[in-house]
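Following: one structure in structure tokens, then a few remarks.
FYI, side chains are in, hydrogens and waters are out, and symmetry mates aren't considered; it's all heavy atoms of this structure. Worth saying up front: this structure is predicted, and the values here are computed from it rather than measured. We name chains A, B, ... by the order of the sequence lines, and we start the count at 1 in each one.
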There are 2 protein chains.
Amino acid sequence: MTRALQILKDAGLRKTPCRLQMLDLLLQEGRAISHSEFELHLEAIDRVTIYRTLHTFERKGLLHKVIDGQNQSKFALCSHSCDEKEHRDEHIHFHCENCDKTRCLDELGIPEIVLPVGYSAHRANYMIEGICAECVGAGT
Amino acid sequence: MTRALQILKDAGLRKTPCRLQMLDLLLQEGRAISHSEFELHLEAIDRVTIYRTLHTFERKGLLHKVIDGQNQSKFALCSHSCDEKEHRDEHIHFHCENCDKTRCLDELGIPEIVLPVGYSAHRANYMIEGICAECVGAGT
DNA sequence: TTCTGAATTGCAAAACTATTGCATTTGCAA
DNA sequence: TTGCAAATGCAATAGTTTTGCAATTCAGAA
Ligand SMILES: [Mn+2]
Ligand SMILES: [Mn+2]
Ligand SMILES: [Zn+2]
Ligand SMILES: [Zn+2]
């Protein structure tokens with residue numbers, strides 16, 4: 001049984017071509033993917049179905065939305081034990097200014113901050129922009 | 001001479017009603033403002049002019065773009081010596097889940113991170129979501 | 001103060017991004 | 001194999017940001 005199929009089973013979701021292709025792309029690329037990038041790879045699939053699948057996957061704890069400062073949401077696989085009840089995706093994200101790819105740095109937690117009196121924190125987002133390992137030293 | 005006018009002079013920008021009203025709102029609110037919020041306050045001004053003014057101000061180092069938790073862009077006054085050559089806006093931002101207001105925490109720097117080998121950082125973004133000082137204990 | 005050219009604006013249109021309604025198709029468990 | 005809820009495709013709508021261009025306005029020079 002393929003990895004993508006296992007993920008769908010575990011989430012209690014039906015196996016469909018759109019879902020399998022989207023999971024395959026995410027697994028293969030190992031980074032956050034935008035709606036428009038899915039659209040390019042899934043030629044036979046309707047735009048709307050991709051939007052709906054992204055929402056379903058996010059709700060089920062398969063994906064988390066990554067804010068990378070461009071005006072487009074990207075989505076990355078949740079690595080741990082996220083599910084419908086609770087997401088735990090508090091790690092640093094890296095956006096490459098050269099190739100525009102966005103990656104989860106799962107191993108890097110977000111440093112805690114002491115806030116001014118009166119503020120209370122629920123969630124934090126730490127995003128770094130720069131040049132990724134693939135692009136360093138690679139001209140252009 | 002009003003504060004807003006002084007800012008325009010210092011930046012070498014012409015005085016126009018749109019620019020003055022936008023700076024006035026930013027100075028009065030002391031927080032990051034979204035395009036749609038400017039649009040509500042500046043009734044006589046065209047949407048497109050607001051977009052263009054935001055870009056101009058950003059380029060001149062008067063504003064910096066703030067990404068809040070919903071991937072929506074907001075804009076806040078630069079507090080220090082930003083200009084056309086260089087922005088220095090590396091501080092933490094706070095987005096309140098209750099009132100949706102976004103503020104710069106200018107006094108809080110962003111903790112540095114050691115990145116995996118090969119990555120190089122240019123800029124960092126640290127955003128906290130939670131409840132702000134104004135909203136804590138204020139029902140609703 | 002008046003004049004003049006460049007900067008700024010408004011309006012229309014286009015380009016992008018995301019959501020909704022509904023009829024049809026599909027996956028899966030009984 | 002069948003029944004039915006879940007998922008999809010398509011058309012339409014809604015929301016956001018950019019672009020082109022003609023008309024207006026600002027600020028410095030005369
Ligand atoms: Mn992530
Ligand atoms: Mn700020
Ligand atoms: Zn890169
Ligand atoms: Zn608040």
Side-chain angles (χ1 to χ4, degrees), chain A residues 1-2 4-25 32-60 62-75 84 100 102, chain B residues 1-2 4-25 32-63 65-75 84 100 102:
Chain A
M1 158 149 18
T2 150
L5 186 49
Q6 185 64 55
I7 292 174
L8 289 179
K9 284 244 168 120
D10 292 346
L13 289 172
R14 288 187 183 179
K15 176 184 77 164
T16 72
C18 176
R19 288 171 177 177
L20 288 174
Q21 287 179 64
M22 287 175 68
L23 289 174
D24 282 343
L25 183 61
I33 309 279
S34 67
H35 176 276
S36 59
E37 203 173 349
F38 280 115
E39 203 177 331
L40 287 176
H41 273 81
L42 282 66
E43 292 188 4
I45 308 288
D46 194 85
R47 264 197 316 287
V48 175
T49 301
I50 296 173
Y51 279 116
R52 288 196 270 229
T53 302
L54 289 172
H55 290 148
T56 300
F57 282 1
E58 195 184 11
R59 181 169 46 77
K60 286 288 187 176
L62 268 48
L63 300 183
H64 59 283
K65 189 185 287 191
V66 179
I67 309 289
D68 75 355
Q70 311 309 110
N71 46 14
Q72 236 182 357
S73 293
K74 295 180 180 174
F75 296 84
E84 196 150 10
D100 193 41
T102 300
Chain B
M1 160 146 19
T2 151
L5 186 49
Q6 186 64 55
I7 292 174
L8 289 179
K9 285 244 169 119
D10 292 347
L13 288 173
R14 287 188 183 178
K15 177 184 77 167
T16 72
C18 175
R19 289 171 177 177
L20 289 173
Q21 288 179 63
M22 287 175 67
L23 289 174
D24 283 343
L25 183 61
I33 309 279
S34 67
H35 177 275
S36 59
E37 202 173 349
F38 280 116
E39 205 178 330
L40 288 175
H41 273 80
L42 281 66
E43 292 189 4
I45 308 288
D46 193 86
R47 260 199 319 286
V48 175
T49 302
I50 296 173
Y51 278 114
R52 288 197 270 229
T53 302
L54 289 172
H55 291 147
T56 300
F57 282 1
E58 195 184 12
R59 180 169 46 79
K60 286 288 186 174
L62 268 47
L63 301 183
K65 187 186 288 192
V66 179
I67 307 297
D68 78 6
Q70 324 309 317
N71 217 355
Q72 190 187 166
S73 295
K74 295 181 181 174
F75 296 84
E84 196 151 7
D100 193 41
T102 301

Over 12 foreign heavy atoms within 6.0 Å of NZ, Lys60(A): yes

Nucleotide dA7(D), atom C1' - distance to NE2 of His55(A) in whole Å: 15 Å

Those residues that, when tested against Asp10(B), pass side chain to side chain contact (heavy atoms under 4.5 Å, CB included) (two or more places apart): Gln6(B)

Sugar-phosphate only, base, or nothing, as touched by Thr53(A) at under 4.0 Å among non-hydrogen atoms: sugar-phosphate

Results of salt bridge (charged side-chain N to carboxylate O under 4.0 Å, His left out) for Arg59(B) - residues two or more places apart only: Glu84(B)

Short side-chain N/O contact to dT17(D) OP1/OP2 from Tyr51(B), under 4.0 Å: yes

Residue mapping more 5' on DNA chain C - nearest nucleotide basis, Cys18(B) or Val48(B): Cys18(B)

Heavy-atom pair of closest approach, residues Cys18(B) and Leu42(B): O-CD2, 3.9 Å

Of residues 37-47 of chain A, the positions that come close to DNA chain C - non-hydrogen atoms, cut-off under 4.0 Å: none

Footprint string (nucleotides 25-30 of chain D, 5' to 3'): B base within contact, S backbone only, - free, heavy atoms under 4.0 Å: BBS---

For chain A, the stretch of DNA chain C it reaches, first to last nucleotide, under 4.0 Å of its heavy atoms: dT17(C) to dC28(C)

Partner set under salt bridge (charged side-chain N to carboxylate O under 4.0 Å, His left out) for Glu37(B), not counting sequence neighbours: Arg31(B)

Listed partners of Thr16(A) passing side chain to side chain donor-acceptor pair (under 3.5 Å), at least two apart: none

Heavy-atom side-chain proximity of Arg19(B) to Ile7(B) below 4.5 angstrom: no

Whole-Å distance separating the NE2 atom of His35(B) from the P atom of dT17(D): 7 Å

Leu54(A) CG - dA7(D) C1' separation (whole Å): 15 Å

Listed partners of Ala4(B) passing side chain to side chain contact (heavy atoms under 4.5 Å, CB included), at least two apart: Thr2(B), Leu20(B), Leu23(B), Asp24(B), Leu27(B)

Inter- and intrachain pairs under ring pair (Phe, Tyr, Trp, His ring centres under 6.0 Å), touching residues 33-53 of chain A, at least two apart: His35(A)-Tyr51(A)

Gap between atom CZ of Phe57(B) and atom CE of Met22(B) - 0.5 Å precision: 6.0 Å

Angle by which the axis turns from one end of the helix from dT1(C)-dA30(D) to dA30(C)-dT1(D) to the other, five pairs per end, to 10 degrees: 30°

Nucleotide dT19(D), atom C1' - distance to CZ of Arg52(B) in whole Å: 8 Å

Test side chain to side chain contact (heavy atoms under 4.5 Å, CB included) applied to Leu40(A) - qualifying residues, sequence neighbours left out: none

Any pair counted as salt bridge (Lys or Arg N to Asp or Glu O under 4.0 Å), so long as it reaches residues 38-56 of chain A, sequence neighbours left out: Glu39(A)-Arg47(A)

Nearest atoms (heavy-atom pairs only) where Arg14(A) meets Leu8(A): O-CD1, 3.8 Å

